[in-house]
Amino acid sequence: MPSFFVEVVEMKLHEYQAKQLFARYGIPVPKGEVASTPTEARTIAEKLNKPVAIKAQVLVGGRGKAGGIKVAKSPDETEQLAGQILGMRIKGLPVEKVLVEEALDIAAEYYLGIIVDRSKERNLVMVSAMGGVDIEEVAETHPEAIARAYIDPFIGLLDFQIRQLHKQAKLEPATLRSFIAIAKSLYRLYIECDANLAEINPLVLTKEGNLVAADAKLLIDDNALYRQPEIASWREEVEEDPFEAEARKKGLAYVRLKGEVGIIGNGAGLTMTTLDIVQRAGAAPANFLDIGGGARADIVREGLKLILSDPQVKGVLINIFGGITRCDEVAKGILQALEGMELKVPIVVRLTGTREEEGRKLLEGTPLIPAATMQEAAEKIVQLIRSRAS
Ligand code: GDP
Ligand code: MN
C-alpha cells in the first residue's frame with residue numbers, strides 16, 4: 001500500500017474528548033471540564049474546590065514543554081493562568097479551549113499505548129515505566145524500557161499478556177489489578193471506536209496509589225467515521241488542513257499529501273495509479289484528487305484552482321481516461337480554471353478516450369503540455385519540475 005495512506009487517514013481527538021470516551025469505558029480520569037474563557041475556568045475550579053491542572057486543548061503533543069499546562073492552587077490563580085494559556089499559540093495552533101481538572105499528586109508516570117503495526121498486520125500494545133516524555137524518545141534512548149505485545153485480532157488482548165507487560169516494564173506491583181482493567185478497557189475502546197492509536201501518556205500513579213489517565217490521545221480511522229457519528233461530529237474545520245477543508249466544502253474527493261506534483265485523475269483506481277507512477281518517476285505527489293466519473297467542467301475547474309493555490313505544488317499532472325467522463329468537458333474545465341490566471345507552474349495533460357480529439361483541440365495553442373500515455377506524462381512533469389528547480 002502506498003505510504004500516503006498511512007499519514008492521512010485519521011482524525012485526532014482533543015484530550016478532553018478522548019477523556020470523555022475513557023470515562024465511558026471505565027478508565028479513571030481526573031474530574032474536570034472544558035472552558036473557553038478564564039471566567040468559565042474559574043467556575044470549574046470553584047466547583048472542584050481543590051488545586052487544578054489547566055491544560056491547553058490543541059491537537060499537538062508537547063503541550064507541557066510549550067507552557068500549555070499549568071497547575072493552579074485557587075480559583076483566582078486558575079482564572080489568571082487560564083487567561084494566559086487561552087491567549088497562546090502552540091506550534092502555530094491557537095488555544096481556544098482549556099481543560100480544567102483536579103491536579104494529581106504524582107508518584108510515577110507510566111506509558112500505555114495501543115497502535116497498528118502495519119508491518120506485522122497486528123495491533124501492538126506498549127507499556128513503559130518511563131512515561132510522561134515522548135515515547136519516540138524513549139524508544140530511541142532506552143528501547144529496553146518499552147515492553148511490547150502483539151494482539152491476535154480473533155482472541156483479543158489477554159490477561160496474561162497484560163500481566164507480562166506489567167512485569168516486564170517494572171510497574172509498581174501493587175498496581176497490577178487496576179492496570180489490567182485499564183489495559184482491557186483501552187483495548188475495547190480502541191476496537192469499538194475504530195482507533196488507529198490509543199495512548200495514555202502519562203498514566204499516573206498517584207501518591208494515594210491509584211492509576212489515573214492524566215493525558216489521553218486517540219486517533220480515529222477516517223474510513224470508519226461513517227459508523228462513529230458522535231466522533232465524526234467533533235471534527236473541526238479550523239484545525240484540519242485548510243486545503244482539505246476547502247475541498248470538503250466544494251465536494252471534491254481530495255486528500256493533501258506532502259509532495260510537489262499536483263494530481264487530477266478520474267476514478268479512484270486511475271488516480272492512485274497516477275500517484276504511484278509519479279512516485280516511480282522520481283517525484284512525490286502533492287495530493288490525491290479524483291474528479292469522479294462523468295465529471296463536469298466546473299468540478300475540474302474547482303479542483304485545478306484548489307491545487308494551483310497550494311504553494312507546495314511545483315507542477316500538475318492531469319490524467320483522464322474518458323469513458324463516461326468526456327475529455328472535452330475536462331479540457332473546458334481546465335481552461336476555465338486558468339482564465340485570468342498567470343500560470344506559474346507547468347501542467348501536463350493526458351487525455352484519452354471519449355472525445356479525446358475534441359479535448360486536445362481545445363487545449364492546442366495553450367501553455368498546457370500534452371502527453372500520450374500516463375508514463376510519458378509522469379516523466380514529463382517530473383523533468384519539467386527538475387529543470388525549473390535547477
Ligand atoms: P503533553 O505535554 O501534551 O503530552 O501533555 P500531558 O497531559 O502529558 O502533560 C505533560 C506533563 O504535565 C505530564 O507528564 C505531567 O508531568 C504534567 N501534568 C499533567 N497533568 C498534571 C496534573 O494534573 N498534575 C500535575 N502535577 N502535573 C500534571
Ligand atoms: Mn502527554
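Both counts, for ligands and for their atoms, begin at 1 and track the order of listing. Along the sequence shown, residues carry numbers from 1. Basis for what follows: all heavy atoms, side chains included, without hydrogens, waters or symmetry-related copies.
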Legend entry - Per-atom contacts of ligand 1 with A103, taking only distances under 4.0 Å to non-hydrogen atoms: 23 (O)
Inset, instruction - Using a strict cut-off of less than 4.0 Å between a Lys/Arg side-chain nitrogen and an Asp/Glu carboxylate oxygen, indicate whether R296 and E329 qualify as a salt bridge. - result: no
Inset, instruction - Using only heavy-atom distances, determine whether the side chains of Q57 and E15 contain a donor-acceptor pair under 3.5 Å. - result: yes
Legend entry - Polar side chain donor-acceptor pair, Y16 to E33, under 3.5 angstrom: no
Legend entry - Those atoms of ligand 1 less than 4.0 Å from some heavy atom in A53: 22 (C), 23 (O)
Inset, instruction - Could you tell me whether the side chain of D134 and the main chain of E136 form a donor-acceptor pair under 3.5 Å? - result: no
Legend entry - Closest candidate by heavy atom, reference atom 28 (C) of ligand 1, pool T206, V204, I106: I106
Legend entry - Distance-only donor-acceptor check, side chains N319 and R350, under 3.5 Å: yes
Legend entry - Salt-bridge criterion met for K73 and E77 (N-O under 4.0 Å): no
Inset, instruction - For atom 2 (O) of ligand 1, find the nearest protein heavy atom and state the residue, atom name and distance (0.1 Å precision). - result: G64 N, 2.9 Å
Inset, instruction - Please list, in chain and residue-number order, the protein N/O/S atoms closer than 2.8 Å to the Mn ion (ligand 2). - result: N201 O, D215 OD2
Legend entry - Protein heavy atom at shortest distance from atom 23 (O) of ligand 1: L104 N, 3.2 Å
Inset, instruction - Go through ligand 1 atom by atom and flag the ones less than 4.0 Å from a non-hydrogen atom of D215. - result: 1 (P), 4 (O), 5 (O), 6 (P), 7 (O), 8 (O)
Inset, instruction - Flag yes if V300 and L252 sit in one hydrophobic cluster, no otherwise; membership is Ile, Leu, Val, Met, Phe, Trp, Tyr, and two members link when side-chain heavy atoms are under 4.5 Å apart. - result: yes
Legend entry - Where ligand 1 meets G132 - atom numbers and elements under 4.0 angstrom, heavy-atom basis: 14 (O)
Inset, instruction - Please could you name the atoms of ligand 1 that I69 approaches to less than 4.0 Å, counting only its heavy atoms? - result: 5 (O), 6 (P), 7 (O), 9 (O), 10 (C)
Inset, instruction - Answer side chain, backbone, both or neither: which part of N201 comes under 4.0 Å from ligand 1, heavy atoms only. - result: backbone
Legend entry - Heavy-atom protein contact below 4.0 Å for atom 11 (C) of ligand 1: no
Legend entry - Backbone N/O of A145 and side chain of S128: donor-acceptor pair under 3.5 Å: yes
Inset, instruction - Using non-hydrogen atoms of the residue, decide whether P30 is closer than 4.0 angstrom to ligand 1. - result: no
Legend entry - Approximate separation, where rounding is to 0.5 Å, of L112 CG and I114 CD1: 6.0 Å
Inset, instruction - May I ask you to check whether E109 has an N/O atom sitting below 3.5 Å from an N/O atom of ligand 1? - result: yes
Inset, instruction - State whether a side-chain donor-acceptor pair under 3.5 Å links Q383 with E379. - result: no
Inset, instruction - Answer with side chain, backbone, both or neither: which part of K55 has a heavy atom less than 4.0 angstrom from an atom of ligand 1? - result: side chain
Legend entry - Side-chain donor-acceptor contact under 3.5 Å, Y150 with N123: no
Inset, instruction - Check whether the side chains of T78 and D76 place a donor and an acceptor atom closer than 3.5 Å, and report yes or no. - result: no
Legend entry - Residue portion contacting ligand 1 (non-hydrogen atoms closer than 4.0 Å) for E101: neither
